[in-house]
Amino acid sequence: MYIVLFGAPGAGKGTQASYVAQQMNLVHIATGDLFRQAIEQGTELGMQAKSDMEKGLLGPNELTIKMVMERMAVPDCETGVVFDGFPRNLGQAETLDEALEKQGKAVDNAVYIKVAEEELLKRLTGRWVCRKCQQPYHETESPPKIQGKCDKCGGELYQRPDDNIETIKNRLGVYFKETAPLIDYYTKAGKLVEVDGVGGIDEVGRRIIEGLRK
Ligand code: AP5
Ligand code: MG
Ligand code: ZN
């Protein structure tokens with residue numbers, strides 16, 4: 001199974017992708033996480049993506065696609081993947097379709113997690129993320145059991161540098177212009193699963209799994 005999770009910044013892609021991957025035994029590929037890892041490790045890829053990320057802009061398509069294809073070449077991906085934050089524009093969506101088609105595979109469903117703008121701001125400004133495994137937490141909505149520490153791996157929690165109001169606004173602008181057209185793209189392909197992303201984290205997770213089963 002190949003599933004795409006998309007939605008605005010803060011919609012809950014990372015939170016739900018981690019849950020769906022676990023429930024459905026899929027590999028979780030998050031392009032934002034891969035870019036952040038590359039920045040942390042100071043690789044060439046990281047250097048190239050850093051300034052775009054800091055501004056809230058998309059990194060170059062070519063670089064993003066190359067990074068995803070390399071990850072997908074690892075044998076653990078053969079049984080299926082849940083993509084988080086990829087594809088992010090029509091070019092990436094078409095490239096993913098072509099790449100899967102070459103292997104006799106296809107995107108099964110694209111889940112659009114729908115959340116209103118006001119709520120997104122609240123979520124992003126209260127978010128803390130694990131430096132090691134990138135699991136997201138929220139000050140009030142989903143606090144870690146021990147303050148400052150990841151429940152999953154014990155890693156240190158930090159606030160992402162792009163989670164400031166100015167950059168969040170840029171990210172939202174980019175989302176509406178570049179990523180929102182994917183709603184149409186996957187609707188036309190008969191693959192869209194729209195899920196209301198407001199409600200408890202567990203509740204939204206159940207809606208996604210149910211939507212995928214239909
Ligand atoms: P990326 O890391 O993908 O960031 P994003 O799209 O802005 O999305 P977020 O990770 O901020 O939000 P999310 O939907 O994952 O929400 P989360 O689950 O954490 O991309 C960052 C940058 O990398 C881009 O700007 C770009 O530069 C680059 N990039 C990445 N992919 C790219 C690509 N394909 N092409 C080019 N460039 C790319 O949840 C948010 C918060 O809400 C958390 O605190 C969480 O605990 C809380 N929460 C979650 N669900 C709920 C709920 N139901 N109720 C209440 N709170 C909730
Ligand atoms: Mg995320
Ligand atoms: Zn962790």
Side-chain angles (χ1 to χ4, degrees), residues 4-20 28-39 45-46 48-68 83-93 95-96 111-116 119-144 146 148-163 167-175 178-179 182 195-208:
V4 167
L5 279 195
F6 74 102
K13 300 183 292 294
T15 303
Q16 298 300 342
S18 143
Y19 173 72
V20 169
H28 175 189
I29 299 183
T31 40
D33 291 358
L34 292 174
F35 278 132
R36 276 182 290 278
Q37 259 167 32
I39 291 173
L45 175 80
Q48 284 172 290
K50 194 166 188 268
S51 87
D52 284 329
M53 280 187 97
E54 279 169 358
K55 292 185 202 122
L57 304 174
L58 295 186
N61 265 1
E62 216 176 299
L63 206 69
T64 310
I65 287 160
K66 185 165 172 274
M67 182 174 77
V68 172
F83 294 101
D84 154 8
F86 178 86
R88 201 71 158 220
N89 56 29
L90 290 173
Q92 292 181 11
T95 307
L96 176 64
V111 179
Y112 164 44
I113 309 178
K114 195 175 174 184
V115 175
E119 168 75 10
L120 297 171
L121 286 175
K122 220 167 46 186
R123 289 188 185 181
L124 292 174
T125 49
R127 172 166 64 181
W128 290 79
V129 181
C130 175
R131 215 179 263 289
K132 245 172 142 179
C133 77
Q134 311 228 31
Q135 175 68 30
Y137 295 87
H138 190 275
E139 280 168 3
T140 53
E141 296 301 323
S142 62
I146 301 166
K149 276 209 164 152
C150 176
D151 293 351
K152 282 193 161 172
C153 77
E156 175 210 1
L157 304 187
Y158 79 111
Q159 288 192 289
R160 271 171 45 179
D162 60 345
D163 277 349
T167 314
I168 291 171
K169 291 211 166 125
N170 290 340
R171 285 158 61 201
L172 280 169
V174 169
Y175 168 76
E178 304 243 359
T179 312
L182 293 181
V195 168
D196 177 5
V198 182
I201 289 175
D202 295 349
E203 173 63 32
V204 175
R206 275 196 293 274
R207 284 179 203 150
I208 293 175

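Just so it is clear, the model here is predicted, and its values are computed rather than measured. Counting starts at 1 for both ligands and their atoms, in listed order.
Taking atom 19 (O) of ligand 1 as the reference point, the nearest protein heavy-atom neighbour is Arg127 NH1, 2.6 Å. Protein heavy atom nearest atom 44 (O) of ligand 1, with residue, atom name and distance: Tyr137 O, 2.7 Å. Shortest contact from atom 38 (C) of ligand 1 to any protein heavy atom: Phe35 CE1, 3.7 Å. The protein heavy atom nearest to atom 55 (C) of ligand 1 is Glu141 CG, 3.5 Å. Looking from atom 48 (N) of ligand 1 to the surrounding protein, the closest heavy atom is Arg123 CD, 4.0 Å. Of the protein's non-hydrogen atoms, Thr31 OG1, 2.7 Å is the one closest to atom 31 (N) of ligand 1. Closest protein heavy atom to atom 22 (C) of ligand 1: Met53 CE, 3.5 Å. Atom 45 (C) of ligand 1 has Thr15 OG1, 3.8 Å as its closest protein atom, hydrogens excluded (heavy atom only).
The Ser142 neighbourhood of ligand 1 comprises atoms 46 (O), with distances under 4.0 Å to a heavy atom of that residue. Ligand 1 places these atoms under 4.0 Å from at least one heavy atom of Gly14: 13 (P), 15 (O), 18 (O). When each atom of ligand 1 is checked for a heavy atom of Phe86 under 4.0 Å away, the hits are 34 (N). Distances below 4.0 Å separate heavy atoms of Leu124 from the following atoms of ligand 1: 11 (O). Shown in contact with Gly197 at under 4.0 Å from a heavy atom are these atoms of ligand 1, numbered in order with element: 53 (N). Under a 4.0 Å criterion applied to the non-hydrogen atoms of Thr64, ligand 1 contributes the atoms 33 (C), 34 (N), 35 (N), 36 (C). Within ligand 1, counting atoms from 1 as listed, the ones closer than 4.0 Å to a heavy atom of Arg36 are 2 (O), 21 (C). If you number the atoms of ligand 1 from 1 as listed, the ones under 4.0 Å from a heavy atom of Pro136 come out as 18 (O), 19 (O).
Any N or O atom pair closer than 3.5 Å counts here, and Leu57 shares at least one such pair with ligand 1. The shortest N/O to N/O separation between Gly59 and ligand 1 falls below 3.5 Å. In terms of polar-atom proximity, defined here as any N/O pair under 3.5 Å, Pro87 makes no such contact with ligand 1. No N or O atom of Asp163 sits closer than 3.5 Å to an N or O atom of ligand 1. At under 3.5 Å, not a single nitrogen or oxygen of Glu119, backbone or side chain, sits near a nitrogen or oxygen of ligand 1. Checking only distances, Gly12 does come within under 3.5 Å of ligand 1, N or O to N or O.
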Practice task
Just do the salt bridge (charged side-chain N to carboxylate O under 4.0 Å, His left out) check on Asp163 and Arg171 with the steps written out, would you?
Solution key: CA-CA 10 Å; Asp163 277 349; Arg171 285 158 61 201; 2.9 Å; yes
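Closest to atom 54 (N) of ligand 1 by heavy atom, among Pro143, Gly199, Gly91, is Gly199. The closest heavy-atom contact to atom 4 (O) of ligand 1, among the options Arg160, Met67, Gln92, comes from Arg160. When the heavy atoms of Lys13, Arg171, Arg88 are ranked by distance to atom 1 (P) of ligand 1, first place goes to Arg88.
Protein-derived N/O/S atoms nearer than 2.8 Å to the Zn ion (ligand 3) total 4, waters excluded.
Partners of Glu203 according to the side chain to side chain contact (heavy atoms under 4.5 Å, CB included) rule, which considers only residues two or more places apart in sequence or in another chain, are Arg206, Arg207. Residues passing the ring pair (Phe, Tyr, Trp, His ring centres under 6.0 Å) test with Tyr112, sequence neighbours excluded: Phe6. Not a single side chain to side chain donor-acceptor pair (under 3.5 Å) links Gln37 to another residue, sequence neighbours left out.
Within the 3.5 Å criterion, the main-chain N or O of Ala11 finds no donor-acceptor partner in the side chain of Lys114.
Residue Asp84 is tested with Lys13, His28, Gln134 for a side chain to side chain donor-acceptor pair (under 3.5 Å); the sole match is His28.
Closest approach of Cys153 and Cys130 over heavy atoms only: SG-SG, 3.5 Å.
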